A.B. asks: 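Attaching a single structure in structure tokens format; questions to follow.
What you see is a predicted model; the values in this text were computed from it and never measured.
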Amino acid sequence: MDMSGMMPASEMVMTFFTSSSTPLYSEQWSPKSTGAYAGTCIFLILFAALYRGSFKLLHFLEHKWLESAMKRRYVVVADKTPIAERISSDADSKTAVISANGVEEHVMIVQSPIQHIQPWRFSVDLPRALIYTCIAGVGYLLMLAVMTFNVGYFLSVLGGVFLGELAFGRYGAPGN
């Protein structure tokens with residue numbers, strides 16, 4: 001290394017190699033023994049499995065959020081002619097009488113029409129953004145582990161992706 005702490009290009013390894021002392025993410029995380037190297041590989045396996053599981057968690061939450069949006073109900077006063085005409089032809093609508101303070105009003109209760117793009121909701125879009133950010137961060141960290149060109153780290157990441165897909169693959173859409 002030179003004075004700036006950077007490794008010269010001539011020292012960078014660009015082929016796969018086997019070593020049980022390759023640093024992972026920082027110089028402080030350099031396995032000093034075979035057991036520490038095995039622990040690092042186990043960490044990478046679990047980290048990659050978590051990566052695959054997080055895609056399935058996101059798919060599950062997306063399904064739950066869409067289902068929740070479909071169940072949102074709106075109350076429409078029957079005196080609104082244009083809307084009432086549309087509702088009367090809707091098979092999902094139900095007629096009801098609402099009584100508040102002794103005043104009865106005839107209304108139609110309908111489910112919200114589902115659009116391809118749902119309106120922005122803080123309770124949905126903030127968790128979605130946080131989960132995608134975590135997925136991206138874990139993906140980049142796994143990529144950096146593979147880019148060490150250490151065969152054990154590379155096989156650990158692949159093994160973790162395999163185990164994650166084996167454990168969680170049936171719970172979500174394929175390819176996620």
Side-chain angles (χ1 to χ4, degrees), residues 23-26 28-29 40-149 153-176:
L24 181 66
Y25 306 134
S26 72
Q28 286 73 32
W29 193 339
T40 299
C41 289
I42 290 169
F43 165 78
L44 287 171
I45 290 168
L46 296 175
F47 205 42
L50 172 79
Y51 178 69
R52 291 305 301 155
S54 61
F55 280 106
K56 304 311 174 178
L57 171 67
L58 185 63
H59 176 77
F60 170 78
L61 290 174
E62 290 285 352
H63 181 72
K64 181 180 165 196
W65 292 328
L66 181 63
E67 189 176 280
S68 175
M70 290 179 74
K71 290 183 179 177
R72 277 191 205 98
R73 296 187 172 268
Y74 296 89
V75 177
V76 180
V77 178
D79 291 340
K80 306 286 185 184
T81 307
I83 296 173
E85 288 175 6
R86 284 188 299 184
I87 292 172
S88 64
S89 64
D90 185 4
D92 292 334
S93 66
K94 298 176 183 111
T95 305
V97 175
I98 294 180
S99 175
N101 298 327
V103 178
E104 290 184 352
E105 293 194 46
H106 290 278
V107 298
M108 301 290 275
I109 302 172
V110 297
Q111 285 188 327
S112 169
I114 291 303
Q115 305 166 356
H116 291 288
I117 299 173
Q118 294 294 313
W120 193 91
R121 296 184 63 85
F122 190 77
S123 63
V124 171
D125 293 301
L126 179 65
R128 177 186 294 128
L130 290 172
I131 292 170
Y132 268 114
T133 302
C134 290
I135 288 172
V138 171
Y140 288 135
L141 288 172
L142 289 170
M143 177 190 63
L144 288 173
V146 168
M147 288 177 62
T148 64
F149 286 97
Y153 292 172
F154 177 70
L155 293 176
S156 295
V157 169
L158 287 181
V161 169
F162 173 80
L163 290 177
E165 190 61 29
L166 190 63
F168 305 115
R170 62 191 173 120
Y171 294 111
N176 288 348

A.B. asks: Which value, rounded to the nearest 0.5 Å, describes the distance between Leu142 atom CG and Tyr153 atom OH?
C.D. replies: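 Result: 13.0 Å between the selected atoms.
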
A.B. asks: What about the rings of Phe55 and Tyr51, do their centers lie closer together than 6.0 Å?
C.D. replies: yes

A.B. asks: I'd like to check the side-chain hydrogen bond (donor to acceptor under 3.5 Å, both in side chains) partners of Ser156; sequence neighbours left out, ordered by chain and number.
C.D. replies: none

A.B. asks: Once side-chain contact (heavy atoms from CB on, under 4.5 Å) is applied, do any residues pair with Tyr25, and if so which ones, sequence neighbours excluded?
C.D. replies: Trp29, Phe43, Leu44, Phe47, Leu141, Leu144, Ala145

A.B. asks: Who passes side-chain contact (heavy atoms from CB on, under 4.5 Å) against Ile131, sequence neighbours left out?
C.D. replies: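 Per chain and number, Ile131 pairs via side-chain contact (heavy atoms from CB on, under 4.5 Å) with Leu58, Leu61, Ile135.
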
A.B. asks: Residues in side-chain contact (heavy atoms from CB on, under 4.5 Å) with Leu126, at least two apart?
C.D. replies: Phe122, Leu130

A.B. asks: Can you tell me how far CD1 of Ile45 sits from CG of Leu158, rounded to the nearest 0.5 angstrom?
C.D. replies: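 Going from CG on Leu158 over to CD1 on Ile45, the span is 10.5 Å.
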
A.B. asks: Which pairs, with at least one residue in residues 128-145 and sequence neighbours excluded, count as a side-chain hydrogen bond (donor to acceptor under 3.5 Å, both in side chains)?
C.D. replies: Glu62-Arg128, Asp125-Arg128

A.B. asks: For Phe154, enumerate each residue passing the ring pair (Phe, Tyr, Trp, His ring centres under 6.0 Å) test, keeping only those at least two apart in sequence or located in another chain.
C.D. replies: Phe16

